[in-house]
Structure formats: C-alpha cells, structure tokens
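Heads up, the thing below is written out as structure tokens.
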Amino acid sequence: MRQSSLRGDRSRRRRRPDAPQAPEAPDAQEPGRHDGLYEGKGLPPDAPGWTPSAGDDASFGDGDGSAAGDDHREGGRPRRGKGRKVLRWTSLTLAVLIVGGAGAGYWYYEHLNANLRKAPRSLAGNGLKKPDPNAFGQSPMNILLLGSDGRNSKKNIELGGARQDADRKPLADVQMLLHVSADRSNMSVLSIPRDTRVTIPQCTDPKTHHVYPQTSAAINQSLQHGGPGCTLATWQELTGIYIDHFMMVDFSGVVDMADAIGGVPVCVDNNVYSHDSKGHGSGLKLTKGTHSVKGVQALQWLRTRYGFEDNTDIGRAKAQHMYMNSMVRQLKKGTKLTDPGQLRDLAEAATKALTVDDGLDTVKKLYDLGSDLNRVPVKRLTMVTMPWQYSPDESYVMPKPGDADATFALLRNDTGLDGKDKKKKAAADPKPSTPKGQLKVVVQNGTNSTVNGPVSGRAAVIQQRLSGLGYTAASTDPALTTQADTTVTYRDKGQRGDALALAKALGLPRGAVRESSSASGMRLVVGSDWRSGSAYPKQSGDEKGADKAPDSADALNGEDSKACMKVNPQYSF
C-alpha cells in the first residue's frame, strides 16, 4: 500500500526621497509537500512556454518515497494534515505585499511589474457572487495563497529533486485562504490538507482551451486542470466563500524570500535531524532551542514531516504555523525592513516568485493590499486547518461534517475565528414599519452551482410561501445567482424591523438579515442551504450559532511567541 501525504511512518540603487515606503504587513510562508526536497518538475501552468502533459489525473512522488495523489501510507492509514505547507508559502506571499513601494521610481516600478506572472482569476463557468458590502460600505477580502511544486527552473529542480518528474505538471501542495474582515479588525487563515478529496469542477485551460471535465480527486490536483484559476473555483465550490484573488509561489521563491528577509526565529524542544536510512526527511538539523532560519534551512523547516511530532503532516502544519507567526511578528516590528537594499532584494524575490490573478497584476495593487493587511493587529491573526476526518476505508481525507461547515460559515459571515469579535449589546428588535401586504421584497434563486447546478423554480416556491404568509407584494427575479447561505438584505435602516419579521416568518436565523450599502431594496436570496421544500431546513448547533473556530481546527494565535515544535525521538540525535 502506498503512502499519501497524510501520515508518515511512526517506527542597490538608492530610493527616491518621494518613493513610497513599504508598509508593514503580515507574512507567512509555506512550500510544497512532504519533508524531503520536492520531486517533480515542469513549468507552472501560467509560465511562458507551458504546455499540458499527459496523465492529468496521475499522482506524483513526494520526494520521500510517497506519491502526491496516493491516499495510503504503510500500515494502511493515510497521512494527515496537508495544511502545513500552506504556511510556508504564505510567508512568501504576504511578504510580497509589504514591498510594493520599495522601488526607486517609475522604471523600477515597471521592472517589478514585469517580474509578476499573471493568470485568470477563475476557470469555471459559474462563480459565486461577491458579497454585498456592509452598512458602512466595507467588504471582507479573501485571498487564496498557493504553493506550486513545479520545476520551472534549474534552482527549483535542485531544491525539489526528482528530476525524473521534470516534465509533469505541478500540484498545488500548499493551499491557504487568507480572510480579512470587512472592518480590517481581524484576519483568519484557513488551510486545507493537500490530499482532501473534493469535487473539482469543469475547468477550461486559458492557454490551450482544453476542457477538463468535472471530477473527484485530491484538491492539490486542481492546479493541473488549467492552472490556479481552477484551484480557486474548487475552493469556492467546497466552501461557498467568494475568493477575490489568488497568489501562487514556487519553492525557490521561498528560499529567496527567506534570504531577503534575513531569518525567522523557530524553536525545537530537542535536537532534530530530519533524515533516515530510507531517504525520508528534509535534511533539517538543529540543536534544542531557538534558531533563526533562512534560505534553504527555512525551506527545510517548512517541509519537515519526519522529525516533528508523529511524523505526519499534522506536525508539519504546526511547524509552518509557528514559522508564519514568527515571520509576521518580525515584519510587523519592521526589523527586517529598515534597509533600502534589503527592501529592494525582498521586492525582487517576491515579485519573481509570484503568480497573481489579473486583479492583482501590478505592484501598486499589491502595495495597496499590503497596506490593507497591515491594519490588522497580530493579536487578531488566527490560523487554522480545516477540520477533517478519514474516509470510511481510511484511504483519503474529507471535510469533517459539522465542524468544517461551521468553519466555512464563519468566514462566509465575516466572523473572526478567534471568537473575539465585539459582541453587540442586544437591543430590542425594531418593529416592522410596513404592512406585510405592502412590503416589496424580491426573491432570487441562489442555488446555482458549478458542480450540482441550480434547482429550478426555487424563487417561485419561496415567493408563493411568502404570499401565503401575507407578503403578497413579493416578486421574483428570474436571474440565477450563486450563494451558499440564504440571506435577506436591505439598504434603509428603517427596514430592519421588516427584514427581521420576514426572516422570522420563514424560520431564517437572525444572521441571515444584513444591511448593505449596495442594496437597492429588500431582497431574499435562496441559497444552496435551502435547495428543496418551502420550510427552511433546521441547522445544526455548530453551523447556526458558532462564534469561533471549533477545537478540531487547531487554532494558533499570531501573538503566541512561546510555541516550540515537539521533536519525534526517532529523529533526535
């Protein structure tokens, strides 16, 4: 039985005075797969000259003797967490946001822009609708951070190993969603294990126009279905969260970025050497205590599985979270960003390492994004891994029912995963101001889905239900849209009492009622959570009333500076 990624064995130019200063922004990092240096090569789907290769659904080696798409490990159980890798890449991608203004004039700005590689935001036909802004005109922001294991350069091949895989298309072994709240008071980072079995929607390659049919596979294979835009579409289908942008890096970028930043403090509770006679291990060798790692050593830290905790991806994810937290704290202090030369090096490394969607295609946009992220205090940064469980035959990982859905819902509803959102004082609900029969509310079908398709007639069914409840002025909008949760939106504060009364009549939770500055009137969108019947389905307690991430998400706070990785005795010296 082959191994999966889940479980391992248990046995200088000067800056112009008027050039903008780089903002302090969080940064996190995560490279590719298992602990050894990656195997497998090939240009990323968005790289110049990339062409598709055969075996789109094939699995590829980890560099530790395991296969990327394989779902088993020795002894019959799959490896666990895949979300760790994400964190290494996150450091990279977030660090790039910090350096947008480090140029020395227009020429340098254009030079950095030319470094960036671009790709379409989404490759699937029916995407989610961007959430309406809140009453203050603010909108949350979601960015998908990806780490590609592609071998698109000599350096990537040297770092990744497995030269025999040089021609295969890369996998998205690091996947992390960065959610920034609408008011920029908090940030949540959600990683998904790379081998989580999901539905990958039909995607069309933007370069070759090849159509990849819908399939069920490990989520990291979505990158092979046309590029990062397909991975974004897969995430949206799985989570119901609208994703504004993506950023993708390769693992040579991790090394360059770590060098440019100057080192990140990490801690181990014992001597560790990630290497054994079977070829397992990243090569990381550290003595007990705290060390500042950079370059290849930083990459080794972020890729180490054999040597941390139980030699699985779960331990690796924790190591990546610790690295990311430490890097964010370093960058927020500004300790690595005071020298113009360092800033220039960081800008060069970051822009050369990045592939971005067409909405983040300039350094100025990245700079503005970095300024936005910099507003979030470290104490409100929370990193989690999607709650998961094994499939019945323990051959792969799947989202944990209840807990995973609750985590996704928190982000869809712009609720901080740390449970520290300010609780609004309960106030008496305003009374309806308009008679039921005169309240104009438009009902729209939001059950459209790239995977399941829409349920026809949903708007009409609910409009008839409303009519039966006395809301005879309700009408329907024939346009289909895509929305995970059923909502009632309104623009005028004076309509809140009417909106709450309508939601109560239908059995909707209070959280479904939202004031929006972009609403033209009262609108009821019937989401994918209500695909049948005229009575709103009862929600589980976790999904309905959660105000923080479930324990199974293994949350880590950005201010936790005392975390230290537990070393597995088998890999100590």
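Computed from a predicted structure; not experimentally measured.
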Non-hydrogen side-chain atoms of S188 and V384 separated by less than 4.5 Å: no
Check whether any side-chain heavy atom of V525 sits under 4.5 Å from a side-chain heavy atom of K129, and report yes or no. no
Could you walk me through whether M386 and T407 pass the side-chain contact (heavy atoms from CB on, under 4.5 Å) test, one step at a time? CA-CA 7 Å; M386 177 196 75; T407 304; over 6 Å; no
Counting only heavy atoms from other residues, nucleotides and ligands, does the tally under 6.0 Å from NZ of K400 exceed 12? no
Tell me the closest heavy-atom pair linking Q175 and S222, and the distance in Å. NE2-OG, 4.4 Å
Do S518 and S516 have side-chain N/O donor and acceptor atoms under 3.5 Å apart? yes
Rounded to the nearest 0.5 Å, how far does NE2 of H179 lie from CG of L411? 5.5 Å
For N186, does its backbone N or O pair with a side-chain atom of S181 as donor and acceptor, under 3.5 Å? yes
Between the NZ atom in K365 and the CG atom in L116, the distance rounded to the nearest 0.5 Å is 11.0 Å
To the nearest 0.5 Å, how far apart are CD in Q483 and OG1 in T447? 11.0 Å
Holding to ring pair (Phe, Tyr, Trp, His ring centres under 6.0 Å), I want the full list of residues that pass it with F408, two or more places apart in sequence or in another chain. none
Between T481 and N448, is there a side-chain heavy-atom distance shorter than 4.5 Å? no
For a 4.5 angstrom cut-off between non-hydrogen side-chain atoms, does I243 reach W235? yes
Would you call the rings of H280 and Y306 parallel, tilted or perpendicular, where under 30° means parallel and over 60° means perpendicular? parallel
Taking all atoms of both residues into account, what is the closest heavy-atom pair of G226 and P206, and its distance? O-CD, 3.4 Å
Any side-chain heavy atom of Q221 within less than 4.5 Å of one from T215? no
Minimum heavy-atom separation for L146 and T231, please, with both atom names. CD2-CG2, 3.7 Å
Does any N or O in the side chain of Q444 come within less than 3.5 Å of the main-chain N or O of A479, such that one atom is a donor and the other an acceptor? yes
Criterion side-chain contact (heavy atoms from CB on, under 4.5 Å) on H245 and L366, from CA distance to verdict: CA-CA 11 Å; H245 303 290; L366 292 173; over 6 Å; no
Nearest 0.5 angstrom please: D244 CG to R121 CZ, how far? 7.0 Å
At what distance, to the nearest 0.5 angstrom, does CD1 of I200 lie from CD of Q214? 10.0 Å
Check the pair R184, D372 against side-chain contact (heavy atoms from CB on, under 4.5 Å), reporting the backbone distance first and the verdict last. CA-CA 7 Å; R184 305 304 187 252; D372 230 9; 3.0 Å; yes
Heavy-atom side-chain proximity of L524 to L506 below 4.5 angstrom: yes
Taking every non-hydrogen atom, the tightest pair across A182 and D414: N-OD2, 3.0 Å
Are side-chain heavy atoms of D357 and L232 found at a separation under 4.5 Å? no
For Y396, is there any backbone N or O sitting under 3.5 Å from a side-chain donor or acceptor partner on R197? no
Between Q224 and P170, what is the shortest heavy-atom contact and its length? CG-O, 3.1 Å
Without swapping roles, check the side chain of E237 against the backbone of T199 for a donor-acceptor pair under 3.5 Å. no
Could you grab the distance from atom CD1 of I192 to atom CG of L238, nearest 0.5 Å is fine? 5.0 Å
Pair N115, E348: side-chain N/O donor-acceptor within cut-off below 3.5 Å: yes
Donor-acceptor pair, distance only, cut-off 3.5 Å: does the side chain of N445 make one with the backbone of V455? yes
Check whether R458 reaches the backbone of W530 with its side chain - one donor and one acceptor, N or O, closer than 3.5 Å. yes
Among T351, D361, T362, side chain to side chain contact (heavy atoms under 4.5 Å, CB included) partner for N113: T362
Kindly say whether V443 contributes a backbone atom to a donor-acceptor pair with the side chain of Q463 at under 3.5 angstrom? no
Distance alone, cut at 3.5 Å: any donor-acceptor contact between the side chains of T486 and D529? yes
Establish, from distance only, whether the side-chain atoms of T487 and D485 form a donor-acceptor pair under 3.5 Å. no
Distance-minimising heavy-atom pair for A555 and T382: CB-CG2, 3.9 Å
Indicate yes or no: at least one non-hydrogen side-chain atom of M247 is less than 4.5 angstrom from one of L178. no
